[in-house]
Participant: 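Below is a structure I'd like to ask you about.
As a basis for the values below, the full set of heavy atoms in this structure was taken, side chains included, without hydrogen atoms, waters or symmetry mates.
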Number of protein chains: 2
Amino acid sequence: MTTHLDEYDRKLLAQVQNDARIPQNELGTRVNLSTAAVNRRLKRLSEEKVIERYTAIVEPGAVGYPLMIVVTVEIEREQIDLLDAMKRTFAACPQIQQCYYIAGEWDFVLVLVVRNMDQYNDLTRQLFFGNNNVKRFKTLVVMDRVKAGHNVPVHIDP
Amino acid sequence: MTTHLDEYDRKLLAQVQNDARIPQNELGTRVNLSTAAVNRRLKRLSEEKVIERYTAIVEPGAVGYPLMIVVTVEIEREQIDLLDAMKRTFAACPQIQQCYYIAGEWDFVLVLVVRNMDQYNDLTRQLFFGNNNVKRFKTLVVMDRVKAGHNVPVHIDP
DNA sequence: TCTGAAAATGGACCTTT
DNA sequence: AAAGGTCCATTTTCAGA
């Protein structure tokens, strides 16, 4: 397990989740640390994989993927090798942004972006109709991305 | 609409989605541009909001939020002010990472992270049972985060 | 925490198409 | 005009004392 995170670490994480390009001296003034201390802490947080990675969030519409779709998938049999193959297939599909394996009525939730409905139809053929371990799936078309991101609350209480 | 993106832009976007901390001279050698050209293009992509923002991805388990849950929500009435109020409530909840307003059987899909089931129960009271515009909701507990991110495919064909 | 070297960013200016 | 390249000043990072 990770070394316990103190309040400085939490404040830093809150900041860099919002904006990863704030310079370390500015972070220092915001959280009341020297630049060097900020530098060491961020380095440690990356090394310990508390910070997994840094990324640029691209607006899908701007690059020609204006349509977002959530899909729930039920499979036929939860045989381990079939399951793993399925996970690999989903993970390898560039249009699939997120894939979660879940407990309950459904087995997978996918979040994906596509150019248009035609492309989504093609994908359903490849991923679902073309896979005889898929029992059924349900398509939920996103009308409004109200909130998107992977920000994790880092404060003690809430 | 945005100025058309050329192949350089697409290559740069692919790179910075994977790792936003690659220095611009390294990006330059990878895509065959000078550092200054890379700098100018990234600046433009940010200004045009093709790049929405830069962020650090934090591992939820490392900060005490090991449990991820997907929730589908059906509401009673799609009255515009009620809907907006609901969106604001969901957007303001720090445990909710993503909130999508969708067409079809359900009205919202939420992706959230919590410390444990107790905290999730508390949240359901606040967000769902405590809101009389929520007709019903379904809880999908994530067992495996197979793939997570917001990477958008940036290449022309696929 | 402070200091300084090395690295990275980003603007000025000139050249090419 | 639009975009690339080189050069250089400023800013940022990051390690040693």
Participant: What contact category does A:Ala36 fall into here, base, sugar-phosphate, or nothing, at under 4.0 angstrom with non-hydrogen atoms?
Facilitator: base

Participant: Tell me if the side-chain of B:Arg40 makes a donor-acceptor pair with the base of D:dG4, cut-off 3.5 Å, by modelled atom types.
Facilitator: yes

Participant: Salt bridge check: are A:Arg77 and A:Asp107 linked by an N-O gap of less than 4.0 Å?
Facilitator: no

Participant: Between atom CZ in A:Arg44 and atom C1' in D:dC14, what is the gap in whole Å?
Facilitator: 16 Å

Participant: Side chain of B:Thr72, backbone of B:Val109: donor and acceptor closer than 3.5 Å?
Facilitator: no

Participant: Test A:Phe137 against every option in A:Phe90, A:Tyr120, A:Trp106, A:Phe129 by the ring pair (Phe, Tyr, Trp, His ring centres under 6.0 Å) rule and name the one that passes.
Facilitator: A:Phe129

Participant: Need to verify one output field. Residue with the more 5' nearest nucleotide on DNA chain C, A:Leu33 or B:Pro23?
Facilitator: A:Leu33

Participant: Here's a test of your reading of the structure: between A:Lys43 and A:Asn25, which maps to the more 5' nucleotide of DNA chain D?
Facilitator: A:Asn25

Participant: Could you verify whether a donor N or O on one side chain and an acceptor N or O on the other, from B:Asn133 and B:Glu76, lie under 3.5 Å apart?
Facilitator: no

Participant: Is the shortest side-chain heavy-atom distance between B:Thr35 and B:Val38 below 4.5 Å?
Facilitator: no

Participant: Starting at CG of B:Asp9 and ending at C1' of D:dG4, how long is that distance when rounded to a whole Å?
Facilitator: 14 Å

Participant: Given that A:Arg21 and A:Ser34 both sit by DNA chain C, which one's nearest nucleotide is further toward the 5' end?
Facilitator: A:Ser34

Participant: Nearest whole Å is fine: how far is D:dA15 P from A:Asn39 CG?
Facilitator: 6 Å

Participant: Using whole Å, report how far CG of B:Leu42 lies from P of C:dG10.
Facilitator: 9 Å

Participant: Please report, rounded to the nearest Å, how far the P atom of D:dG4 is from the CG atom of B:Leu12.
Facilitator: 10 Å

Participant: Using whole Å, what does the distance between atom P of nucleotide C:dG11 and atom CD of B:Gln24 come to?
Facilitator: 10 Å

Participant: Rounded off to whole Å, could you give me the CD-to-P distance for the B:Glu48 and D:dA2 pair?
Facilitator: 13 Å

Participant: Check the distance between C:dA8's P and B:Asp19's CG and give it to me in whole angstrom.
Facilitator: 13 Å

Participant: Under 3.5 Å, is there an N or O donor on one side and an acceptor on the other linking the side chain of B:Arg41 and the base of D:dG4?
Facilitator: no

